[in-house]
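FYI, side chains are in, hydrogens and waters are out, and symmetry mates aren't considered; it's all heavy atoms of this structure. On a predicted model such as this, the values are computed, not experimentally measured, just so you know. Note that ligands are numbered from 1 as they come in the structure, with each ligand's atoms numbered from 1 the same way.
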Amino acid sequence: MAFQAQVITCKAAVAWEPNKPLVIEDVQVAPPQAGEVRIKILFTALCHTDAYTWSGKLTSRICFVHCSTHLHAALLSMLLPNLVQDPEGLFPCILGHEAAGIVESIGEGVTEVQPGDHVIPCYQAECRECKFCKSGKTNLCGKVRAATGVGVMMNDRKSRFSINGTPIYHFMGTSTFSQYTVVHDVSVAKIDPKAPLEKVCLLGCGVPTGLGAVWNTAKVESGSIVAVFGLGTVGLAVAEGAKAAGASRIIGIDIDSKKFDTAKNFGVTEFVNPKDHDKPIQQVIVDLTDGGVDYSFECIGNVTVMRAALECCHKGWGTSVIVGVAASGQEISTRPFQLVTGRVWKGTAFGGFKSRSQVPWLVEKYMKKEIKVDEYITHNLTLGEINEAFHLMHEGGCLRCVLAVHT
Ligand SMILES: NC(=O)c1ccc[n+]([C@@H]2O[C@H](COP(=O)([O-])OP(=O)(O)OC[C@H]3O[C@@H](n4cnc5c(N)ncnc54)[C@H](O)[C@@H]3O)[C@@H](O)[C@H]2O)c1
Ligand SMILES: N[C@@H](CCC(=O)N[C@@H](CSCO)C(=O)NCC(=O)O)C(=O)O
Ligand SMILES: [Zn+2]
Ligand SMILES: [Zn+2]
């Protein structure tokens, strides 16, 4: 007879409301249904996107009570466009999307992982069957996206998390701020069991995003001049990727000059603090580079900086990649002339990496010391200290804080 998985009660950090401290709760995690995988999360890091969603100000709890979809939240965001809230941030929820763990149980029909496998949950799925996956043109997968955007699982459009019967939304299809989580099988990358989970958890988001923005999205060539706006984990990974691609100059731009010392170790060759200049930052960069950079990357989530990042690109060929996630309702703008005269504006999700296929490859590159991971980890705490970890994110000295989830 087939093994029947049971409900697991475990600790999770629940975001009951936007911007209110997370609460460590006893959460019931239902068994995985068909096509689902339950993972014991051992280590999770925090990404700026978790902080963005957590910071949402819209009273989405009202939406949770009054409607079963996030339609109200989306509608309100359209009507009140200056709100910060992530339109996909539904409360109460369990945040977290940069983690590593071990498969605890699998649902019917799951063939590619088994209990005991070491895995990284991937917020960007890869089903290899949908028109996105088959196109060969993108890493975005359509199979489960409609469900992960509204905090539920595909099978029954319900959550696998609850507290004494009250459902708690999933987040980004991963919800890693929990000792156990349930994800779709198309969102699980099986990795080398020898890889240290307390390190490679970072390969769930920020580091691949920066490397891939350079290698897959921009395809930076050797000798290029590159500008990186924002020297957090994502921006530093862009610098690391650009150095590996043979960029001749890597100009790091940040309003926090303390970032510059660290950035040297990731390949940044020159530093500019916009606060030190009266001229618009795009003009400063154009003047420094005989007309503009070949590639620029916005790794902040600030639409004004996105414009500057485009406009500091060289006429005729400069390409700017948007990596940062801007607040809900914000829009980018520039003179169309900037594009007419040959600049290209692009964006990237998870650095264009196909998650299930390429996260294991990134783990191997780390094991062979071909990419950095340890160097991005500045703090180690426990799940119980998660509010302190969020606090640290807003301090200049923190790149990634890794939480031990079962300590
Ligand atoms: N597209 C994706 O797939 C993807 C993946 C991961 C993260 N992100 C997004 O990328 C962004 C960066 O993430 P992170 O974790 O590195 O964040 P972070 O907060 O660690 O780093 C941001 C950096 O930008 C600097 N900064 C802030 N305002 C600035 C300004 N006006 N000019 C210059 N520098 C400024 C800060 O000092 C900081 O060093 C976030 O918006 C995050 O949500 C996107
Ligand atoms: N829910 C947000 C969108 C946020 C967003 O753009 N997410 C990035 C990943 S950030 C990881 O730290 C992404 O990959 N987006 C593509 C996707 O979600 O499929 C909003 O609605 O504004
Ligand atoms: Zn992230
Ligand atoms: Zn797909």
Side chains of [X] and [Y]: is there a donor and an acceptor less than 3.5 Å apart?
| X | Y | result |
| --- | --- | --- |
| Ser257 | Asn273 | yes |
| Trp345 | Gln338 | no |
| Thr176 | Glu98 | no |
| Thr382 | Thr407 | no |

* **Candidates Tyr123, Phe350, Tyr52, Phe177 - the one meeting ring pair (Phe, Tyr, Trp, His ring centres under 6.0 Å) with His97** => Tyr123
Evaluate the side-chain proximity of [Y] to [X]: yes if any heavy-atom separation is below 4.5 Å, no if none is.
| X | Y | value |
| --- | --- | --- |
| Val284 | Val286 | no |
| Val402 | Cys201 | yes |
| Gln28 | Phe161 | no |

* To do: Kindly determine whether Trp54 and Asn19 satisfy side-chain hydrogen bond (donor to acceptor under 3.5 Å, both in side chains), including the steps that lead there.
  => CA-CA 6 Å; Trp54 178 54; Asn19 228 8; 5.5 Å; no
* Asked: Is any NZ, NE, NH1 or NH2 atom of the basic residue among Glu375 and Lys199 found under 4.0 Å from an Asp or Glu carboxylate oxygen of the other?
  ->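 Not counted as a salt bridge, because no side-chain N and carboxylate O are separated by less than 4.0 Å.
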* Asked: Checking Lys372 against Phe266: charged group under 6.0 Å from the ring centre and within 45 degrees of the axis?
  -> yes
* Glu108: what forms a side-chain hydrogen bond (donor to acceptor under 3.5 Å, both in side chains) with it, not counting sequence neighbours? ->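 Here no residue qualifies.
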Provide, line by line, the atom pairs where ligand 2 and the protein bring an N/O atom each to a distance under 3.5 Å; else say none.
| unit_1 | atom_1 | unit_2 | atom_2 | d |
| --- | --- | --- | --- | --- |
| ligand 2 | 1 (N) | Asp86 | OD1 | 2.7 |
| ligand 2 | 1 (N) | Asp86 | OD2 | 3.3 |
| ligand 2 | 1 (N) | Glu88 | OE1 | 2.8 |
| ligand 2 | 12 (O) | Thr49 | OG1 | 2.5 |
| ligand 2 | 12 (O) | His97 | NE2 | 3.2 |
| ligand 2 | 14 (O) | Tyr123 | OH | 3.2 |
| ligand 2 | 18 (O) | Arg145 | NE | 3.4 |
| ligand 2 | 18 (O) | Arg145 | NH2 | 2.7 |
| ligand 2 | 19 (O) | Gln124 | NE2 | 3.4 |
| ligand 2 | 19 (O) | Arg145 | NE | 2.8 |
| ligand 2 | 21 (O) | Asp86 | OD1 | 3.4 |

* Arg160 versus Pro31, closest heavy-atom pair with distance -> CD-O, 3.9 Å
* Counting only protein atoms, how many N/O/S atoms are less than 2.8 Å away from the Zn ion (ligand 4)? ->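 Count of protein N, O, S atoms less than 2.8 Å from the Zn ion (ligand 4): 4.
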* To do: Provide the protein N, O or S atoms situated under 2.8 Å from the Zn ion (ligand 3); waters are not included.
  =>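 Near the Zn ion (ligand 3), the protein supplies Cys47 SG, His97 NE2, Cys205 SG.
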